[in-house]
Amino acid sequence: MARNDLEREVMTKLWDAGEPLTVRQVHDLLSRERDLAYTTVMTVLDRLAKKGLVTQQRADRAYKYAPAQTREEMTAGVMMDALTATPDRDAALAYFVGQLPPEALRAAIEKATRNIER
């Protein structure tokens, strides 16, 4: 998962876009909320590509970047990493599930069931 706030913001912009973006496009989106240098955004996207979190596609003289996974897949991966790092995975998972509102838990179970049936 993205490790710092700027990486998370960049990933959010890419997920929200729904299509690959250039560094300039990501920079323009981020600049609406904060003052960032173009080269900072370029460096963050390069680092995310090296970590395998985004894909890099050649587009003329520039690159376009897209998330390597959906937001849900990446979040699930982080959760699985955390669960496998604990000696009592079942207890940690039970505690986590117990913190969810019942309606959110029901919706998640329904969505997971639909995905399994496909």
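For the atom pair CE of M42 and OH of Y63, the computed distance is 12.0 Å after rounding to the nearest 0.5 Å. One finds the CG atom of L100 at 9.5 Å from the CD1 atom of I109 (value rounded to the nearest 0.5 Å). A distance of 7.5 Å separates CG of L53 from CD of E7, quoted to the nearest 0.5 Å. Separating the CD atom in E9 from the CG atom in L6 is a distance of 6.0 Å, to the nearest 0.5 Å. Expressed to the nearest 0.5 Å, how far CG of L45 lies from OG1 of T40 amounts to 11.0 Å. Taken to the nearest 0.5 Å, the OG1 atom of T84 stands 6.5 Å off from the CE atom of M80.
The hydrophobic cluster containing M74 does not contain L83, counting ILVMFWY residues as joined when their side-chain heavy atoms lie under 4.5 angstrom apart, directly or transitively.
At a threshold of 4.5 Å between non-hydrogen side-chain atoms, the residues M11 and V54 count as touching. Within the 4.5 Å cutoff, the side chain of E33 has heavy atoms near those of the K13 side chain. By the 4.5 Å heavy-atom criterion applied to side chains, Q57 and Y65 are not counted as neighbours. Annotation: side chain of Q56 is not in contact with side chain of K50 (no heavy-atom distance under 4.5 Å).
Nearest heavy-atom pair, G52 versus A68, reported as atom, atom and distance to 0.1 Å: O-CB, 3.3 Å. In terms of heavy-atom proximity, Q25 sits nearest to P20 at OE1-O, 4.2 Å.
Counting only residues at least two apart or in different chains, salt bridge (charged side-chain N to carboxylate O under 4.0 Å, His left out) contacts with residues 16-30 comprise D16-R71.
Residue-environment remark: OH (Y38) exceeds the threshold of 12 foreign heavy atoms within 6.0 Å.
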Test log, rule side chain to side chain contact (heavy atoms under 4.5 Å, CB included), inputs E110 and T113: CA-CA 5 Å; E110 288 173 13; T113 302; 5.7 Å; no

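The closest donor-acceptor contact from the side chain of T70 to the backbone of E73 lies under 3.5 Å. No donor-acceptor pair closer than 3.5 Å links the side chain of W15 to the backbone N or O of A66.
Results of the side chain to side chain contact (heavy atoms under 4.5 Å, CB included) test with V26 over V10, L36, V44 single out V10 as the only residue that passes.
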